[in-house]
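In what follows, a structure is listed as structure tokens, so that the remarks can point back to it.
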There are 2 protein chains.
Amino acid sequence: MWPNRIAINEEAPMDSSSNSNMDASTDQVSESSRVTIADVAREAGVSKGLVSFALNDRPGVSAETRTRILQVAGALGWTPSLRARSLSSKRSFALGLVIARDPEVLGSDPFFTSFIAGVETILAPEGLALVLSVVPDSSTELATYRTLVSDGRVDGVFVSDLRQDDVRIPCLAELGLPAVTLGRPDQPSPFPAVSIDDTEGIRESVRHLVALGHRRIAHVAGSAAMLHGNRRRDAFTAAMRDAGLGDGQVVDTDFSIAAGADATRRLLRQSEPPTAIVFANDPMAIAGIGVAQELGVRVPDDVSITGFDDIEFARYVYPALTTVGATPMVWGRAAATTLLTLIRTGHADDVELPAARLIIRGSAAIPAER
Amino acid sequence: MWPNRIAINEEAPMDSSSNSNMDASTDQVSESSRVTIADVAREAGVSKGLVSFALNDRPGVSAETRTRILQVAGALGWTPSLRARSLSSKRSFALGLVIARDPEVLGSDPFFTSFIAGVETILAPEGLALVLSVVPDSSTELATYRTLVSDGRVDGVFVSDLRQDDVRIPCLAELGLPAVTLGRPDQPSPFPAVSIDDTEGIRESVRHLVALGHRRIAHVAGSAAMLHGNRRRDAFTAAMRDAGLGDGQVVDTDFSIAAGADATRRLLRQSEPPTAIVFANDPMAIAGIGVAQELGVRVPDDVSITGFDDIEFARYVYPALTTVGATPMVWGRAAATTLLTLIRTGHADDVELPAARLIIRGSAAIPAER
DNA sequence: GGCACAATCTATACCGGTTTAGGACGCCGC
DNA sequence: GCGGCGTCCTAAACCGGTATAGATTGTGCC
């Protein structure tokens with residue numbers, strides 16, 4: 001909306017052959033020669049306040065004056081100062097995302113990068129920024145939220161990786177910070193939830209495997225402390241019962257690749273191993289394929305494998321992974337719009353994204369005769 | 001340094017059974033009941049200015065008064081307002097990272113999440129935040145840097161994924177924004193570079209393969225437009241020549257998994273395929289293993305494969321990937337400290353991280369007889 | 001003509017810090 | 001007794017916007 005032209009550097013240009021004269025405190029070009037609202041006011045022959053009104057499309061300015069002000073602002077190359085705006089309006093024009101995970105584990109899970117990309121598509125056009133924190137554990141996590149609030153660093157936050165009785169919900173509610181939860185919490189929550197049905201995908205996986213002829217199907221579940229881990233696990237058990245196959249064997253993990261590999265090893269080394277394994281996420285499923293191959297168990301002939309997420313690798317491992325397609329970018333977009341609505345209007349409805357569906361590739365097939 | 005206690009909410013607690021009364025404009029607890037420097041001044045019986053001096057450890061305050069002020073500030077639970085500080089001091093207390101990549105591709109590359117985690121370990125204790133932007137292409141990228149500067153959103157930026165004749169260098173120099181480049185640019189640059197020698201790892205890979213008895217070794221290179229793609233490619237060719245094996249076959253890609261898979265397919269379908277392939281990154285190498293298996297080419301018996309990065313998956317695919325171990329977290333830490341030094345002192349020296357070394361696992365072995 | 005009222009605009013306080021110009025005071029030397 | 005100087009402190013300007021009270025003008029209506 002505002003002209004985005006950068007003021008021309010009126011200082012001597014930086015000596016590009018050395019970095020010793022880089023004085024950060026004085027060289028901030030566009031800061032030192034900043035055009036302020038007062039300059040615009042003077043030039044347009046009106047008061048500061050009126051300029052502010054005109055620039056914010058607020059009533060009480062005649063059409064004629066408004067256009068003149070806008071024109072002058074454009075001519076002078078005026079850009080609003082985010083800092084000044086932050087101070088007087090008590091907003092920060094930024095949203096926050098705090099991720100509490102071991103960075104090593106985090107790296108293998110492309111969920112967040114895609115999610116962030118989705119968020120970004122909404123924020124960037126609005127001139128909002130994303131403040132990201134990656135912290136190692138959940139205690140640091142709460143402290144980080146507190147700091148974000150007391151610094152007034154963000155206007156709202158995304159709450160991901162919901163856990164059972166998640167302390168963040170009451171804590172954020174008390175802090176009074178607008179938030180959006182990724183998924184529906186298991187407790188009363190004052191915040192809108194943006195969720196996706198991931199149980200249907202698990203049920204589809206089980207039905208698919210049953211239809212192929214599998215009866216001994218196991219589930220490598222995610223963390224029992226995480227809601228989506230539990231949800232998928234419950235969906236698995238329910239689907240197994242529906243198929244008349246009992247509860248099915250379930251191994252709990254923490255969603256990490258290492259744990260997925262361990263779980264697979266344990267399952268396949270049993271005297272009567274499963275003929276199919278439903279993994280709670282793709283990284284574990286891919287590790288599972290690796291372990292099977294290492295043990296000389298053929299995939300999918302000896303053991304069928306399904307994953308969850310449809311990460312890019314899923315299409316490129318061999319055999320290509322049959323998995324449930326999540327859409328983290330869409331999720332990011334939805335979460336961002338919801339959070340913005342909440343911040344701006346004080347209210348936002350829950351959003352339910354289309355259920356994640358099964359994508360059939362090569363890692364699940366008719367079980368070989370034994 | 002300052003007491004971090006959150007002011008107690010003096011409003012009625014939020015009704016946690018409904019989200020309809022969530023009024024973002026009035027409920028910002030710690031904002032509405034903020035203790036300001038004026039409160040501290042009044043309570044301590046001194047002027048605002050003196051409080052500021054005392055809190056910033058500046059001379060001109062008697063020891064006695066200083067301690068009294070600090071004590072009062074602590075008692076009142078005072079927290080400096082980042083917004084006010086930003087406005088008057090013209091700093092933002094945040095650093096920026098702009099990543100220009102297709103989010104799908106980005107997700108498979110755990111480099112950034114680890115890098116960010118490393119950056120975070122430096123920033124968090126200093127009370128600084130990281131502003132992250134993920135943009136789809138490099139034209140949006142420049143615009144994003146411009147916005148970050150003109151908004152005064154950050155005090156400095158990280159420049160990653162250096163390209164040939166990278167426009168970002170002169171552009172950022174002109175904007176006067178402190179920056180640190182990840183790797184050394186191929187042009188004069190006013191910014192400190194934090195780099196790692198990735199050529200030694202490639203040379204080691206080639207030497208390792210040659211020692212195993214390979215002679216037809218190919219390289220699936222990264223993007224020719226990216227400096228690290230070129231560097232690894234040149235290192236490969238040089239190492240091949242050193243071994244008296246000519247230049248070696250090289251296929252250029254864009255570092256993406258899909259391109260890596262394609263390249264492998266092309267290489268292996270030749271009448272005289274290579275017996276070993278050196279990949280410029282792990283995701284492509286893993287896709288390479290998948291393609292080989294799909295084509296019925298055994299790894300490592302028929303074709304040996306090496307990667308670069310040592311992403312977590314590398315240990316869990318089968319056969320486990322022989323690769324070069326990068327250390328993105330260390331890199332993040334070094335880059336953050338360097339950028340902070342630059343911002344604070346106006347100068348920072350280049351940093352050279354310890355060279356990435358080869359990690360031998362199962363994907364490279366003595367070639368089978370043909 | 002006079003009054004109510006809306007539309008337009010100005011002046012100014014305000015957000016919460018930092019920074020600067022100076023004032024009060026004590027101590028020194030001459 | 002007085003100028004000079006250092007220490008400790010206050011008052012006020014300032015950063016660049018937003019918000020509000022009130023001045024000015026024009027119009028409609030009786």
Side-chain angles (χ1 to χ4, degrees), chain A residues 2 7 25-26 28 30-69 72-73 76-93 127 150-153, chain B residues 1-2 7 25-26 28 30-69 73 76-93 127 150-153:
Chain A
W2 315 127
S25 60
T26 63
Q28 297 267 348
S30 57
E31 289 298 318
S32 60
S33 54
R34 177 177 270 294
V35 177
T36 76
I37 207 169
D39 298 328
V40 177
R42 195 178 344 98
E43 194 74 15
V46 295
S47 70
K48 268 176 62 179
L50 201 62
V51 174
S52 174
F53 273 51
L55 293 166
N56 290 315
D57 277 329
R58 291 169 50 151
V61 188
S62 73
E64 188 194 0
T65 315
R66 181 188 305 275
T67 53
R68 181 159 44 93
I69 292 176
V72 170
L76 294 182
W78 178 80
T79 288
S81 156
L82 203 73
R83 292 179 183 140
R85 226 136 65 101
S86 285
L87 181 57
S88 62
S89 67
K90 293 180 178 306
R91 283 177 295 162
S92 13
F93 307 97
S150 70
D151 282 359
R153 189 76 87 159
Chain B
M1 175 146 195
W2 316 125
S25 59
T26 62
Q28 296 267 348
S30 57
E31 289 298 318
S32 60
S33 53
R34 178 176 270 294
V35 177
T36 76
I37 208 169
D39 299 328
V40 177
R42 193 177 346 98
E43 193 76 12
V46 296
S47 70
K48 268 174 62 177
L50 200 63
V51 174
S52 174
F53 273 53
L55 294 166
N56 290 314
D57 277 328
R58 290 169 50 152
V61 188
S62 73
E64 188 194 359
T65 315
R66 182 188 304 277
T67 53
R68 182 159 44 92
I69 291 177
L76 293 182
W78 177 80
T79 288
S81 155
L82 202 75
R83 292 179 183 141
R85 224 137 66 103
S86 285
L87 179 58
S88 61
S89 67
K90 294 178 180 305
R91 282 178 296 163
S92 13
F93 307 97
S150 69
D151 282 359
R153 188 77 87 158

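Throughout, protein chains are lettered first and strands after them, A, B, ... in sequence-line order, and every chain is numbered starting at 1.
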Using side-chain hydrogen bond (donor to acceptor under 3.5 Å, both in side chains) as the criterion, list what pairs up with A/Ser89, not counting sequence neighbours. none
Which part of the nucleic acid, if any, lies within reach of A/Arg58 when heavy atoms closer than 4.0 Å are counted: base, sugar-phosphate only, or nothing? sugar-phosphate
Non-neighbouring partners of B/Thr65 that pass side-chain hydrogen bond (donor to acceptor under 3.5 Å, both in side chains), sequence neighbours left out: B/Ser62
Whole-Å distance, A/Leu87 CG to C/dC14 C1', equals 9 Å
side-chain N/O B/Lys90 vs C/dT18 OP1/OP2, d < 4.0 Å: no
May I have the list of side-chain donor-acceptor pairs in residues 41-50 of chain A shorter than 3.5 Å, sequence neighbours left out?
from, atom 1, to, atom 2, distance (Å)
A/Arg42, NH2, A/Asp39, OD1, 2.7
A/Ser47, OG, A/Leu50, N, 3.4

Tell me the interatomic distance from B/Asp151, atom CG, to D/dG17, atom P, rounded to whole angstroms. 12 Å
Minimum side-chain heavy-atom gap B/Val51-B/Trp78 below 4.5 Å: no
For a quick test of reading the model, state the closest non-hydrogen atom pair linking B/Leu87 to A/Leu87 and the distance between them. CD2-CD2, 3.4 Å
Nucleotide of D/dG16, C/dT19, C/dG16 approaching A/Arg34 most closely (side-chain heavy atoms): D/dG16
Rounded distance in Å - CG (A/Leu82) to C1' (D/dG17): 11 Å
Send over the distance from A/Ile37 CD1 to D/dC15 C1', rounded to a whole Å. 13 Å
Contacts of A/Ser86 meeting side-chain hydrogen bond (donor to acceptor under 3.5 Å, both in side chains) (sequence neighbours excluded), chain-then-number -> none
Nucleotide N/O to protein N/O under 3.5 Å, stretch nucleotides 8-14 of chain D:
from, atom 1, to, atom 2, distance (Å)
D/dC9, OP1, B/Thr65, OG1, 2.5
D/dC9, OP2, B/Ser62, N, 3.0
D/dC9, OP2, B/Ser62, OG, 3.3
D/dC9, OP2, B/Thr65, OG1, 3.2
D/dT10, OP2, B/Ser47, N, 2.8
D/dT10, OP2, B/Ser47, OG, 3.2

Provide, to the nearest angstrom, the distance between the CZ atom belonging to A/Arg42 and the P atom belonging to C/dA11. 14 Å
Examine D/dG16: is either OP1 or OP2 under 4.0 Å from a nitrogen or oxygen in the side chain of A/Trp78? Give yes or no. no
With sequence neighbours left out, the residues meeting side-chain hydrogen bond (donor to acceptor under 3.5 Å, both in side chains) with B/Ser81 are none
Starting from C1' on D/dG17, measure out to CZ on A/Arg83 and report it in whole angstrom. 13 Å
Name all residues meeting the salt bridge (Lys or Arg N to Asp or Glu O under 4.0 Å) criterion together with B/Arg66; count only those two or more places apart in sequence or in a different chain, and write none if there are none. B/Asp57
Separation of C/dT18 atom P from B/Arg85 atom CZ, nearest Å, is 6 Å
Interatomic distance, A/Arg91 CZ vs D/dG16 P [rounded to whole Å]: 19 Å
side-chain contact (heavy atoms from CB on, under 4.5 Å) involving A/Phe53 - partner list, sequence neighbours excluded: A/Arg58, A/Val61
Just how large is the angle between the end axes of the helix from C/dG1-D/dC30 to C/dC30-D/dG1, five pairs per end, to 10 degrees? 60°
